[in-house]
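Take a look at the structure set out below.
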Protein chains: 2
Amino acid sequence: MTKPAPKTKHHHGNLRQALIEAGLSLLEEGGIEALSLRKCAARAGVSHAAPAHHFDGLPGLTKAIGEEGFRVFTAYLQGYIAEHTDPREKLRALCRGYLQFGLDHAGLLKVIFGAGLAAYVDDKRGDADAYQVLRACCAPFIPAGENSQIVEIQVWSLIHGFTLLYISGEFGAPPPAIPDGPFDQVMGLLDRVGTAPAP
Amino acid sequence: MTKPAPKTKHHHGNLRQALIEAGLSLLEEGGIEALSLRKCAARAGVSHAAPAHHFDGLPGLTKAIGEEGFRVFTAYLQGYIAEHTDPREKLRALCRGYLQFGLDHAGLLKVIFGAGLAAYVDDKRGDADAYQVLRACCAPFIPAGENSQIVEIQVWSLIHGFTLLYISGEFGAPPPAIPDGPFDQVMGLLDRVGTAPAP
DNA sequence: CGCGCAAAGTTGACAGCGTAAAGTTTAACT
DNA sequence: AGTTAAACTTTACGCTGTCAACTTTGCGCG
């Protein structure tokens, strides 16, 4: 399948990517508990010490997996907001994509936010990463002359907290498909974002 | 200090509690990474297999530590809301206590929410646990005839997400004391909780 | 009163983990 | 063709959780 890197292929031919994909599949199958350096190596068909030549230990491999996962995460958000034009619906769709990513890839979400998101954000890529997508969706709701970060942090905190609590079962066993009613009700708080406070 | 359990003291005299407290101190010193069954045993002065007689392995010890931590967490929330009577300020104080607990005991917070909060909630204790405190603080803002859970979930999600993102450094390195301005601005979203949607 | 028995704690072993050092293969480049 | 460095393997070490077997302790019951 994916072989776009003909740089060096002494023995294996594009290990590194094979290790990352092994890690991703381990993550899907057994959650974050199941992720281990040695199992990634075994699944890629190399010895347990081979990854050391491509990553800086387990933290390095985990970071690389997180970077890959962050791209998937970004694609989720972009895919969900794509079908909407109204700013409010767009913001709501962003949150739905956030939650759905958490449901589909719970282990990956923990990897991404386990090391601090800053490790994956590449400022040079412009609006191609998840935080820039959030930023763009929040922009229409920023009151004139106010700190833009406030709204972003409000939205991010709300959906991030909801997603983590939801997938860890705090609101009851989560069905794989998001029930529209309750989700929309909770996210109704977003309708107040950026508006004047109630009297 | 704490010796309220003279049940059995064959050799050690209240191991179990000693193991829990060892785990708590390990958590404070080295975060969740530093918590291990063998280190707890060593710190309590017993062999590495001793904990098996008191807990069901590491998961069992972790759960017990989480229960203890949950009591501290509850005390934080109660302490912070105690000094306020206005419902809005009470709700804000609750959130401040939540965040401050996360700052003071980051490892403990991860233990508590790592296994699902439901493991620690004891319904019989009435309003003495953290969720009941949250419930009580949300009660004044529930619109007549509406599902009370919605507001609770909104508040919980917002402060939970904010706390986790804050302590993991997503908003920049967190100072140990919460800066009032930004915190109040973000929590300003709470002022819209339970009010009619904006036109 | 003393005996037994179960609870509490110790010791030793095992598999799995991450990591480091040393050795071997392989490919590329002069 | 020979050298050199990267890629990979092998071996080993310390740490982890868990299990089984053994020793000690002290309570309760005949």
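Order of the sequence lines sets the chain letters (A, B, ...), proteins ahead of strands, with each chain counted from 1.
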Ordered by number, residues from residues 23-34 of chain A within less than 4.0 Å of DNA chain C (heavy atoms) are none
From CG of D56(B) across to P of dG17(D) the rounded distance in Å is 14 Å
With sequence neighbours left out, write down each residue that passes ring-ring contact (aromatic ring centres under 6.0 Å, His included) with F55(A), or none if nothing qualifies.
none
OP1, OP2 of dC8(D) versus side-chain N and O of H54(A): anything below 4.0 Å?
yes
Partners of R43(B) by side chain to side chain contact (heavy atoms under 4.5 Å, CB included), sequence neighbours excluded?
A22(B), S25(B), L26(B), E29(B)
Check against ring-ring contact (aromatic ring centres under 6.0 Å, His included), Y98(A) and F73(A)
CA-CA 8 Å; Y98(A) 203 116; F73(A) 181 48; 5.0 Å; yes
List the residues meeting side chain to side chain contact (heavy atoms under 4.5 Å, CB included) with R92(A), not counting sequence neighbours, and say none if there are none.
D184(A), M187(A), D191(A)
Atom NE2 of H53(A) and atom C1' of dT25(C): how far apart are they, to the nearest Å?
12 Å
Rounded to the nearest Å, what distance is computed from the CZ atom of residue R16(B) to the C1' atom of nucleotide dA7(C)?
15 Å
Answer yes if the ring centres of F171(B) and F162(B) are under 6.0 angstrom apart, and no otherwise.
yes
All side chain to side chain contact (heavy atoms under 4.5 Å, CB included) counterparts of A106(B), not counting sequence neighbours:
I167(B)
Salt bridge (Lys or Arg N to Asp or Glu O under 4.0 Å) pairs touching residues 56-72 of chain A, sequence neighbours excluded, are E68(A)-R71(A)
Within residues 154-175 of chain A or reaching into it, pairs that qualify as salt bridge (Lys or Arg N to Asp or Glu O under 4.0 Å) - sequence neighbours excluded:
none
Hits for side-chain hydrogen bond (donor to acceptor under 3.5 Å, both in side chains) against D180(B), two or more places apart or cross-chain, chain-then-number order -> R96(B)
So which protein nitrogen or oxygen atoms get under 3.5 Å of nucleotides 14-16 of chain D's nitrogens or oxygens?
unit_1  : atom_1 : unit_2 : atom_2 : d
dT16(D) : OP1    : S36(B) : OG     : 3.4

What residues form a ring-ring contact (aromatic ring centres under 6.0 Å, His included) with Y80(A), not counting sequence neighbours?
none
Using heavy atoms and a sub-4.0 Å distance, could you list which residues of residues 42-52 of chain A are near DNA chain D? By number, please.
V46(A), S47(A), H48(A), A49(A), A50(A)
Q78(B) meets the side chain to side chain contact (heavy atoms under 4.5 Å, CB included) criterion, sequence neighbours left out, with T74(B), V133(B)
I need the CG-P distance between N14(B) and dA7(C), as an integer number of Å.
18 Å
